Every structure is written in C-alpha cells, then in structure tokens.
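What you are looking at is a predicted structure, and each value in this text was computed from that prediction instead of being measured. Order of the sequence lines fixes the chain letters, A, B, ..., with proteins taken first and strands second; residue numbering starts at 1 for each chain.
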Amino acid sequence: IMTGRKVDEELFEDLEEVLIQADCGVETTLFLVDQLREKARSEKITESTALKEILVDEIISLMDGNADTLKTPQDKPYVIMVVGVNGAGKTTTIGKLAHRFKQENAKVILGAGDTFRAGAIEQLAIWAERTGVELISHQEGSDPAAVAYDAVNAAKARGSDVLILDTAGRLQTKVNLMSELSKVHRVCVRELGRELDEVLLVVDATTGQNALSQGKLFQEAVPLTGIALTKLDGTAKGGIVLALANELKIPVKLVGVGEQYEDLQDFDPKLFATTLFG
Amino acid sequence: NLSSRLQETMRKLRGKGRLSEKDVDEVLREIRLALLEADVNYKVVRDFIALVKERATGHDVLSSLTPGQQVIRIVNEELTQLMGGSQAKLTMSPQAPSVVMMVGLQGAGKTTTTGKLGQMLKKQGHRPLFVACDIYRPAAIKQLQVLGEQLDIPVFTLGEEDPVKIAAAAHRHAQSYNNDIVLIDTAGRLHVDEGLMNELVNIKNEVEPSEILLVVDAMTGQDAVNVAESFNEQLDLGGIVLTKLDGDARGGAALSVKAVTGKPIKFIGVSEKMDGLEAFHPDRMASRILG
Ligand SMILES: Nc1nc2c(ncn2[C@@H]2O[C@H](COP(=O)(O)OP(=O)(O)OP(=O)(O)O)[C@@H](O)[C@H]2O)c(=O)[nH]1
Ligand SMILES: Nc1nc2c(ncn2[C@@H]2O[C@H](COP(=O)(O)OP(=O)(O)OP(=O)(O)O)[C@@H](O)[C@H]2O)c(=O)[nH]1
Ligand SMILES: [Mg+2]
Ligand SMILES: [Mg+2]
C-alpha cells in the first residue's frame, strides 16, 4: 500500500483504513494521519515510500518511552503479578516467563492465584512441571489473598530468585473482582515489604477498543508496570497498544507469539510498526 | 456516546429547519464513528452507512421535522435487521444422537460455553455428553471434567488420542449409552493454522455435526471478520455464540461476524457461571453497539 504511489488524499484515506483495521482506533488513527499529512505538506513529499518511513517513525516515537523490557532484578525475590481479562493468556504467559527465567538459571516459584476457574490450578501445575519450577497452591475455592501471602513468604523463605503470581481472569467492570485484585496486590506488597517488580496486564492482540477500558480500570485497581500483548501470531495487528501508549502511558514489554513456552519475545517497536502495514 | 454526540450535531443543524443531503452526511459521519469505536469492521461499516444513506436521504426523512430522530430510528432498524432474528435453538439431527461442535480462537470461551449448553440441554430434558477433543492445552480435559462433575454430565475422553478418533468413539458411546446430544469441545486455534483447521474438517467429516458453533469473544476487534470468514468457509458454520457480554465491550464484532458469514448469532455468554447463557436479541445488541 505504501510503495510507488502518489501522495494524495486517496493515499491518506487508504492509510486510515489500514490503521483502523489494525485496531488503532479512530482517535489515534486521525492523530497519526493528520500529523503525516502535515509533514507531507511541509516537507513537500510527493512519493509514498518516503512517507512510509515517516509514518513508521511516528508510530515508533508514539511507542517510545512506551516500550520497555522487564525491570532488571535487584532485590530477591523478583516478584511479578499477572492480571487481565478472561482468556487473555495470563497462565500461558507465566509458563513462558518461568521458562525464560529458568534458562537464565534463576530459581523460580509460581503462585496459583486463580482459585476460581475449573482446572486453573492444574493448568499452572503442568506449566510448573514442564518448566521445572516450584508451585505454591491451595485448594480450588480458597482465598486468592491467602495464596499470595503463602507464595511471597515461600519465595522469601526458599531464597527464590523469581516469584510469578497468577490471578483469575476478570472483566474490568466487575467492581468486587477488581477490589479483590487490589487486596491481593496489597497483601503481596505488605509481605514483600516493598512494591512489586512487575504488575503485568495481559492483553489479547485480537481485542478491539475495549482494551482502553481494560487498561484504565486495571490501572485503577493495581499499579500496572507493563503490558504483555498475546496472540500476535494470529492475523490481528494489536494496534490497540498505540492507544494504550498514547492515552494511558502503559509500556508494552512482552509479546506472545504462540502457545509453547519459547513463544515469548521482548516488545520491538520498530518491528511492530513495520508489521502494522504487512 | 452516540445519542449525546448526535444531539450535539442535530443542535447545530436545528437552525436550518429541514435537512439537506449534506446534513445527513454529517449525521452519518457520527454514526460511522460510533460503529468504528464499537469495533464494527471498517468495510462492514462502509457498506452499512451506504445502505443507511440511501434510506436517510429519502423524501420522508429530509422533509421531517425531527430528521435526526428519523435517522437514528433507521439506523436501529437496519442494524437490528442485519443482525438477524432471535434463533436460540441448536439444529438437531433427524437421527439421535445430534452432534454439536464448539470451535473458535484461543480463549474465546468454548469450554465454558460447552458447559453452559450442557446445563441448558439437561434442563430441557436432554441427555448430553461432553467430549474432550482438546488434547493440547494443559489441563483442558481436566477443565471439562470438572464442569461435567459440577453439572452431573458425563465426559467422554480418550486422553491425548487423535481428536478425530475421540469424536468417532464418543459418537458410538453416545449411541450405546443413550445420550441424545454430543457436545464436542475442541482446542482453540488460529484460523490461519492449516493443520489445526484441517483437524476440524476431519472431525466434521467423521461425525457429521448438525450444528457447528463459532465461539467469539465480544471484545474482538477488526480481526473478527477474518476469523469468522475463515471458519465459515472451511466448516460451514451453523451459528455463532458471542461471549463475555457481561463486560463493557460494545460488541461490534457481532455485526461484523453476521455481515460476513450470514450465520445467526444464537446465544450470548453473560457470566463465567454455568447458568450464564442467554438467547441473542438483535435489537438489544443493536442499541449496545450504537452506544
Ligand atoms: N496462538 C496463541 N495462543 C495463545 C497465546 N497466549 C496464550 N494463548 C492461548 O490462549 C488460551 C488462553 O490462555 P490462558 O493462559 O489459559 O489464558 P488466561 O488469561 O490464563 O485465561 P483465564 O485464566 O481463564 O482468564 C490458551 O489456549 C493458550 O494456549 C499466544 O501468544 N498465541
Ligand atoms: N465473564 C465471562 N467470562 C467468560 C464467559 N465465557 C467464558 N468466560 C471465561 O473466559 C475464560 C476462557 O474460557 P474458556 O472456556 O477456557 O475458553 P476456551 O475457548 O475454551 O479456551 P481455549 O480452549 O484455550 O481456546 C475463562 O476464564 C472463562 O471463565 C462469559 O460469558 N463471561
Ligand atoms: Mg489463567
Ligand atoms: Mg477450551
């Protein structure tokens, strides 16, 4: 779409179509295209390939300071809490993270904080087994805050390098579930004696504009430090992260590109920006 | 939201008394924005607005004293009609057992919906059988077994056997044990995964389901058309189930999926619990999408 074309209004409309179909949302799309139209005019750009470079740079700068890697470990245990709506890919992402840290020779422990959904604890137990890490779990139906309490204290007592806490999926509009999440987070902070190293919001790349509501309401419940964008191996472009960066300033740190434990990558803004037009 | 933004647009146009075609365009632009913000697919929106414009620039609207209201009424009518009637029934086979297959992307809500359908069918006096054809996801079989136990519905499994074999064996089992409906839970998969899509085609050919339901997450964005089109082309779907409508997603995917497949949205998921399945109402969905 962006090569060998005249720069005219039709091109800008086609660009809008591409960005909207990538789930960038109307507001972010208009913002980017207006900025591009202005640059094309002021720098007298008449051929589309040069314009593509500029748009990619625009998107990268929008994501800049909004892309990051996981925080570098300082104090033990390095604690990650994983949150997000139902089915986003939290448990699977934790399995991938466990594998990554294990490969770096870290002593990893997982907390089975989803005490609600059928088979949730068993699912995480299999990931713990597959990656060769320990698991702290209670009975199904028990209090997730109690699991969090035990997980943090076990990590401290056993000298674990990393603790990753799973939580039950929840829709962000469910007030009681969101306050449960806040409580679990508070318990972790209290037992740890400091802020958590990472509180990751897992977002499915196929999600549309609802991702903004997810970012906003989860941020109100717990201090999010980053986003893990999953299922980018599908045909969805995940353009919602542009709006999440632009409006909520939550950095994208990780990308899920499959269902196996090696299918986890650090977020790459340049690759992301160029693939948006793929 | 749309009604307050449209009111603002109408307020600006009110000084003009009657509407011109250009004024209608302005109103349609607001509606287009609302639909895009609601995640309706770009091309579906374009076709829908063209359809509405034709009606909205008719004489009766342009000469009306409340043209804005007329346009909203037309949009609501067209949207509701596009999303089809309310058909909350599974298609059965003339000869028992009927086989229903649940398909869709990862995490859409297939396993949970299988449970909900089981409960609904049991309440209607049927004898459903759950079939565990997801042999890949960790503890997927366990998840279905827990639901089966909760609902007192039998779960057929052969462990990590070929899903086509499992489906065939389950069908024979249902015949021997007098289960009249076989609900097959399949693994989540990408519509672009040829191997896994072929697996679904093979299961279909093996047990000839009377109903194949595509389970779609209500928060799905623009990609909904690609997914629905692909699944429908390869499987000829019987219907759609839209899940997680108990959240605040506008659910524009409903319009996109219906527009591109023509298949009815039969049920909606409105909670994580086993009683959280309701009939789809196009008029309620229309006003939800419009915001
Ligand atoms: N293709 C693909 N599938 C993924 C990815 N991440 C997770 N999945 C799949 O998505 C589905 C849901 O993943 P889970 O890890 O159970 O999601 P969750 O957020 O823990 O779900 P709940 O606990 O039920 O809220 C599973 O089938 C995963 O295999 C990814 O990056 N790519
Ligand atoms: N709030 C809400 N949650 C739902 C609904 N339907 C399913 N869920 C939740 O969504 C998550 C995913 O549901 P699953 O049934 O595991 O999804 P799936 O399609 O079988 O996932 P895969 O087998 O991994 O592809 C779970 O946490 C469910 O409890 C719904 O209608 N409302
Ligand atoms: Mg989980
Ligand atoms: Mg499942």
Side-chain angles (χ1 to χ4, degrees), chain A residues 16-27 29-30 85-92 95 116-127 129-130 140 168-174 177 204-214 217 230-231 233-240 258-259, chain B residues 32-34 36-43 45-46 105-112 115 136-150 187-193 216-227 230 243-253 271-272:
Chain A
E16 273 184 22
E17 179 170 349
V18 170
L19 291 173
I20 289 180
Q21 295 204 114
D23 286 314
C24 295
V26 174
E27 211 175 293
T29 297
L30 294 181
V85 299
N86 308 72
K90 298 176 291 302
T91 306
T92 307
F116 169 74
R117 204 208 69 213
I121 299 171
E122 290 84 348
Q123 184 184 4
L124 192 63
I126 292 176
W127 280 113
E129 192 183 338
R130 273 186 190 176
E140 182 175 316
R170 67 205 68 218
L171 298 183
Q172 67 276 18
T173 44
K174 308 226 162 175
L177 296 183
D204 187 328
T206 65
T207 310
Q209 299 310 300
N210 193 253
L212 273 166
S213 165
Q214 292 175 23
L217 295 178
T230 60
K231 309 178 199 173
D233 46 321
T235 52
K237 302 286 183 171
I240 33 132
E259 302 187 69
Chain B
R32 178 172 174 269
L33 281 179
L36 287 175
E37 283 174 2
D39 292 322
V40 181
N41 181 264
Y42 188 93
K43 293 194 168 77
V45 172
R46 187 189 53 202
L105 292 183
Q106 293 89 346
K110 297 175 292 302
T111 307
T112 307
Y136 311 102
R137 169 174 153 154
I141 298 173
K142 177 73 176 153
Q143 183 183 3
L144 193 60
Q145 285 172 327
V146 171
L147 296 182
E149 207 168 307
Q150 206 179 309
R189 69 206 60 215
L190 299 176
H191 52 298
V192 290
D193 186 325
V216 177
D217 193 325
M219 64 186 88
T220 311
Q222 297 286 312
D223 200 44
V225 286
N226 301 325
V227 178
S230 231
T243 61
K244 308 178 203 171
L245 273 167
D246 43 322
D248 64 349
R250 296 266 289 277
S271 93
E272 288 192 76

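For the atom pair CG of B:Leu144 and NZ of B:Lys110, the computed distance is 12.0 Å after rounding to the nearest 0.5 Å. Atom CD of A:Glu17 and atom OH of B:Tyr42 lie 4.5 Å apart (nearest 0.5 Å). In this structure, the separation between NZ on A:Lys174 and OG on B:Ser271 is 6.0 Å, given to the nearest 0.5 Å. The line from CD of B:Gln143 to OG1 of B:Thr112 is 5.5 Å long, rounded to the nearest 0.5 Å. The structure places CG of B:Asp223 at 5.0 Å from NE2 of B:His191, a figure rounded to the nearest 0.5 Å.
Ranked by heavy-atom pairs under 4.5 Å with chain A, the first of B:Arg137, B:Arg46, B:Lys43, B:Glu37 is B:Arg137. In terms of non-hydrogen atom pairs under 4.5 Å with chain A, the most contact-rich of B:Leu147, B:Asp193, B:Asp246, B:Asp217 is B:Asp246. Of the listed residues A:Arg130, A:Glu140, A:Arg117, A:Gln172, the one with more heavy-atom pairs under 4.5 angstrom with chain B than any other is A:Arg117. When each of A:Asp204, A:Thr207, A:Val85 is scored by its heavy-atom pairs under 4.5 Å with chain B, the top score falls to A:Thr207. Each of A:Gly25, A:Gly208, A:Ala120 has some count of heavy-atom pairs under 4.5 Å with chain B, and the biggest count is that of A:Gly208.
Counting non-hydrogen atoms of neighbouring residues, nucleotides and ligands closer than 6.0 angstrom, the CD atom of B:Gln150 exceeds 12 such neighbours.
Put simply, the side chain of A:Thr173 reaches to within 4.5 Å of the side chain of A:Leu217, judged on heavy atoms.
B:Leu105 touches chain A through its side chain: at least one heavy atom from C-beta onward sits under 4.5 Å away, while N, CA, C and O do not. Within the 4.5 angstrom heavy-atom criterion, atoms from both the backbone and the side chain of B:Gln106 approach chain A. Looking at A:Gln214, the atoms closer than 4.5 Å to chain B (heavy atoms on both sides) all sit in the side chain, from C-beta outward. With a 4.5 angstrom heavy-atom cutoff, B:Asn226 touches chain A only via side-chain atoms. Only the side chain of A:Glu259 comes within less than 4.5 Å of a heavy atom in chain B; its backbone stays farther off.
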